[in-house]
Amino acid sequence: MNIRYERTGSAPVPDHARQHRVRMRDGVRLATDVYLPPDISADADAGADADTGTGPQELPAVLVRLPYDKNSRYVYFDRIASLFTARGYALVVQDVRGKFRSGGQTLPFLREPLDGYDAIDWITHQPWSNGVVGMFGDSYYGFTQWAAVAAQHPALRAIVPRVTTVDFNGTTQSDPFDPSPVGRPVWLEGIEYYAHYWVDNTVYDFTPDRSVRPVIEQYEQAFTAMGARSAWFDLLAPRYTNLLPALGRHPFDARPVPVLHCVGWFDNISVPHMRDYLELASRPGWDAVQYLWAGAIDHENYHLDLAPAAPADDHAHDESALDRMLPGYAGPALDFFDVFLKGVRPVSSLPKVAWELGHDGWRTAEAWPPAGSTERTFWLTEPARARGPLPGGTLSDEPSDSNRDADGYGNGDGDGDGEQSVQWVYDPESLVPSQVANSFSFLQSYPDESRLAAREDVLVFTSPALAEPLDLAGPIGLALRVTSTGETFDLFAKVLDIGPDGQAHMIARGQVSVRSLPAPEEIPVALGHTGYRLRPGHRLALTLAGSDYPMFLPSSGSTENPWTTLAPKPSTQTLYADAVTRLTVTVLADPGATGSASATASGTPSV
């Protein structure tokens with residue numbers, strides 16, 4: 001097949017930025033734009049290409065190190081700059097090594113600690129610098145912050161990592177040397193990212209032929225067409241190589257710095273980001289300086305209140321929408337830096353947790369989950385009705401007789417009043433389709449998933465309509481007892497909000513890959529954390545499926561590598577509605593008991 005692709009290079013440097021070629025310790029020079037406040041004369045930046053500077057010390061700086069073309073419309077730093085410089089910060093934006101205008105080999109992750117250190121050191125020697133540096137940014141440019149933390153430059157005083165994690169490779173698949181019988185399906189979309197963004201200095205946009213088998217051949221065709229390939233993709237597929245230890249010191253073992261974790265409830269990597277936050281919030285030395293901002297947004301900063309995004313509200317395409325979005329995007333970081341970089345606001349002005357309850361606004365808390373939250377368990381009952389259209393089986397507050405054991409509580413051994421179960425088929429020739437083409441911008445389309453629930457190979461369980469609001473505020477967990485005729489199988493779970501009109505919209509999701517026979521008696525599925533109000537008249541629902549393609553690599557159904565198998569095997573899964581199988585959510589005990597934070601015009605809290 002002749003795969004077509006588009007190649008995108010660097011956009012022009014904005015007129016109000018000064019670009020420098022900053023020398024790293026090995027001689028490679030990285031393209032770096034500096035934005036200064038209007039009252040700082042251009043002369044203050046003169047001679048900044050020198051390795052040292054002796055001018056007056058004036059400004060704290062915020063550094064952003066990213067691989068997405070610092071001058072592109074996609075990351076809009078030419079617009080963000082005015083928000084930072086208006087608050088008295090120098091904004092320094094750098095193309096990482098091997099990307100766009102920067103030199104060096106195109107290889108992610110490995111050089112970021114040293115390059116981050118050298119970039120910070122360069123800033124401290126500029127005539128406009130007061131020697132204080134913070135860092136800011138999303139996704140990969142959240143990771144570059146953690147890499148700089150690991151390098152421990154003394155000038156780095158605070159970071160604001162958004163929708164990110166310290167270990168990106170760990171989000172895509174399980175370590176093949178991990179003996180656990182329950183791991184992660186291969187996040188194909190996450191690995192495909194490297195085939196687009198980490199081939200050379202530019203970006204390659206192409207659509208693989210999803211019908212090609214083996215799946216790895218889709219990408220071989222693309223690399224052949226492009227005449228180049230991604231070295232990092234080759235490290236992840238078809239065999240996973242974990243190179244995180246090559247980074248050296250783990251960031252969490254470094255000197256603690258204040259962190260504002262900016263998490264999106266609908267972000268596709270919110271699970272590992274919340275795991276990072278909770279680990280540091282409980283780690284001595286780090287715990288006192290961990291802050292959480294969690295909003296009803298996705299990875300690309302689309303918001304639940306505007307989902308699906310109308311053309312006039314789509315900031316990826318509409319200039320006015322972008323102008324409306326940016327203050328809420330940068331505002332929490334600026335307030336945080338005013339405390340830890342400038343010292344012009346007291347630490348007491350920052351809530352430890354600012355979080356959004358979807359459909360009901362912002363709140364503050366001293367910790368996460370908020371005080372007063374409790375667990376609520378829903379049992380999966382009436383399984384015979386689960387393989388069909390909504391409402392399917394039932395999510396019940398009380399277990400049915402089949403969920404109980406003879407003593408009335410149950411342990412899943414099936415010797416109670418009769419074990420109920422339901423089966424569904426995993427057919428590699430008829431995979432459950434992914435509901436969005438790009439999960440990074442999930443709320444841009446915000447799909448109605450009711451059709452998905454109607455498939456024969458998808459199970460669905462639904463609660464009765466709510467008479468009162470149900471406020472979810474914390475982790476969501478699922479425990480299942482499932483057996484399979486296959487040697488390996490995957491489970492994809494989604495928690496949905498079903499409105500009175502029958503539309504079903506995702507609240508949270510989780511997925512696991514079971515790699516042993518027999519399957520464990522209890523299969524845990526983490527669905528992350530959320531803040532979300534189910535309104536009166538709405539229903540809570542759970543769907544279970546065996547595939548989600550092309551977002552995730554389909555299971556081989558055997559011990560064969562799913563990347564290279566030519567003949568994935570079908571299988572039949574059996575779900576047992578017993579004492580093991582249950583959905584647990586975290587809820588506010590008294591809806592509305594916690595007060596809303598003050599809000600900016602953009603709808604996000606002022607911290």
Side-chain angles (χ1 to χ4, degrees), residues 6 8 11 14 64 66-83 93 136-142 162-164 189-190 192-193 196-197 203-207 262-270 293-333 356 358-359 361-362 433-451 497 499 501 503-507 509 530-532 550-551 599-605:
E6 293 184 2
T8 305
V64 180
L66 76 171
Y68 304 123
D69 184 12
K70 62 190 186 308
N71 306 131
S72 68
R73 173 63 170 75
Y74 175 59
V75 295
Y76 30 77
F77 273 103
D78 58 329
R79 298 195 187 198
I80 295 172
S82 63
L83 300 176
V93 189
F136 168 78
D138 304 19
S139 198
Y140 189 92
Y141 44 120
R162 298 183 78 261
V163 293
T164 190
E189 179 189 38
E192 185 177 300
Y193 156 83
H196 292 284
Y197 287 92
V203 171
Y204 291 85
D205 185 17
F206 63 88
T207 301
C262 293
V263 176
W265 296 138
F266 294 90
D267 178 28
N268 52 11
I269 54 174
S270 65
W293 179 101
I297 60 169
D298 62 18
H299 200 81
E300 300 289 2
N301 218 50
Y302 290 96
H303 195 278
L304 176 63
D305 284 350
L306 298 175
D313 294 320
D314 192 337
H315 59 265
H317 305 288
D318 186 271
E319 301 302 313
S320 296
L322 179 60
D323 288 339
R324 292 193 299 272
M325 183 271 284
L326 287 179
Y329 170 79
E356 187 174 10
H359 300 305
W362 286 87
S434 300
Q435 296 299 286
V436 290
N438 178 5
S439 72
F440 293 91
S441 55
F442 175 79
L443 292 173
Q444 184 184 34
S445 59
Y446 196 43
D448 173 12
E449 308 214 12
S450 58
R451 281 190 177 183
D497 176 355
D501 60 359
Q503 290 197 37
H505 292 287
M506 191 183 79
I507 300 170
R509 65 170 298 150
T530 192
Y532 188 92
M551 192 181 300
T600 67
S602 62
T604 58

Minimum-distance pair of heavy atoms, taken over all atoms of [X] and [Y]:
X: Pro332; Y: Gly328; value: CD-O, 3.2 Å
X: Ser434; Y: Pro550; value: OG-N, 3.2 Å
X: Ser270; Y: Gly264; value: CB-O, 3.3 Å
X: Asp318; Y: Ala312; value: OD1-O, 3.7 Å
X: Pro67; Y: Tyr141; value: CD-CD2, 4.5 Å
X: Val436; Y: Ser445; value: CG1-OG, 3.4 Å

Below 4.5 Å, heavy atoms only, C-beta onward: do [X] and [Y] meet side chain to side chain?
X: Leu304; Y: Ile297; answer: no
X: Ser439; Y: Glu189; answer: yes
X: Asn301; Y: Met325; answer: yes

Note to self: If we check ring pair (Phe, Tyr, Trp, His ring centres under 6.0 Å) with Tyr329, which of these qualifies: Phe77, Tyr302, Phe136?
What the structure shows: Phe136
Euclidean distance, [Y] [atom2] relative to [X] [atom1], rounded to 0.5 Å:
X: Ser139; Y: Asp267; atom1: OG; atom2: CG; value: 7.5 Å
X: Tyr68; Y: Tyr140; atom1: OH; atom2: OH; value: 8.0 Å
X: Asp497; Y: Ile507; atom1: CG; atom2: CD1; value: 5.0 Å
X: Glu6; Y: Phe206; atom1: CD; atom2: CZ; value: 12.5 Å
X: His303; Y: Leu443; atom1: NE2; atom2: CG; value: 8.5 Å

If you measure only the distance, is there a donor-acceptor pair under 3.5 Å linking the side chains of [X] and [Y]?
X: Tyr74; Y: Asp69; answer: no
X: Gln444; Y: His315; answer: no
X: Ser450; Y: Gln503; answer: no
X: Ser441; Y: His299; answer: no
X: Arg509; Y: Asn268; answer: no

Margin query: Here's a test for you: under side-chain contact (heavy atoms from CB on, under 4.5 Å), which of Val64, Leu66, Val163 qualifies with Asp138?
Written below: Val163
Check: Restricting to pairs with a member in residues 295-309, which pass salt bridge (Lys or Arg N to Asp or Glu O under 4.0 Å), not counting sequence neighbours?
Finding: none
Margin query: Taking Pro447's backbone N and O only, do any of them form a donor-acceptor pair with His505's side chain (distance below 3.5 Å, no angle check)?
Written below: yes
Check: Is the side chain of Glu356 donor-acceptor paired with the backbone N or O of Ala296 at a distance under 3.5 Å, no angle test?
Finding: yes
Check: With sequence neighbours excluded, what pairs up with Arg73 under the side chain to side chain contact (heavy atoms under 4.5 Å, CB included) test?
Finding: Tyr76, Glu319, Leu322
Check: Under the salt bridge (charged side-chain N to carboxylate O under 4.0 Å, His left out) criterion, do Asp313 and Arg324 qualify, and how do the steps go?
Finding: CA-CA 9 Å; Asp313 294 320; Arg324 292 193 299 272; 3.3 Å; yes
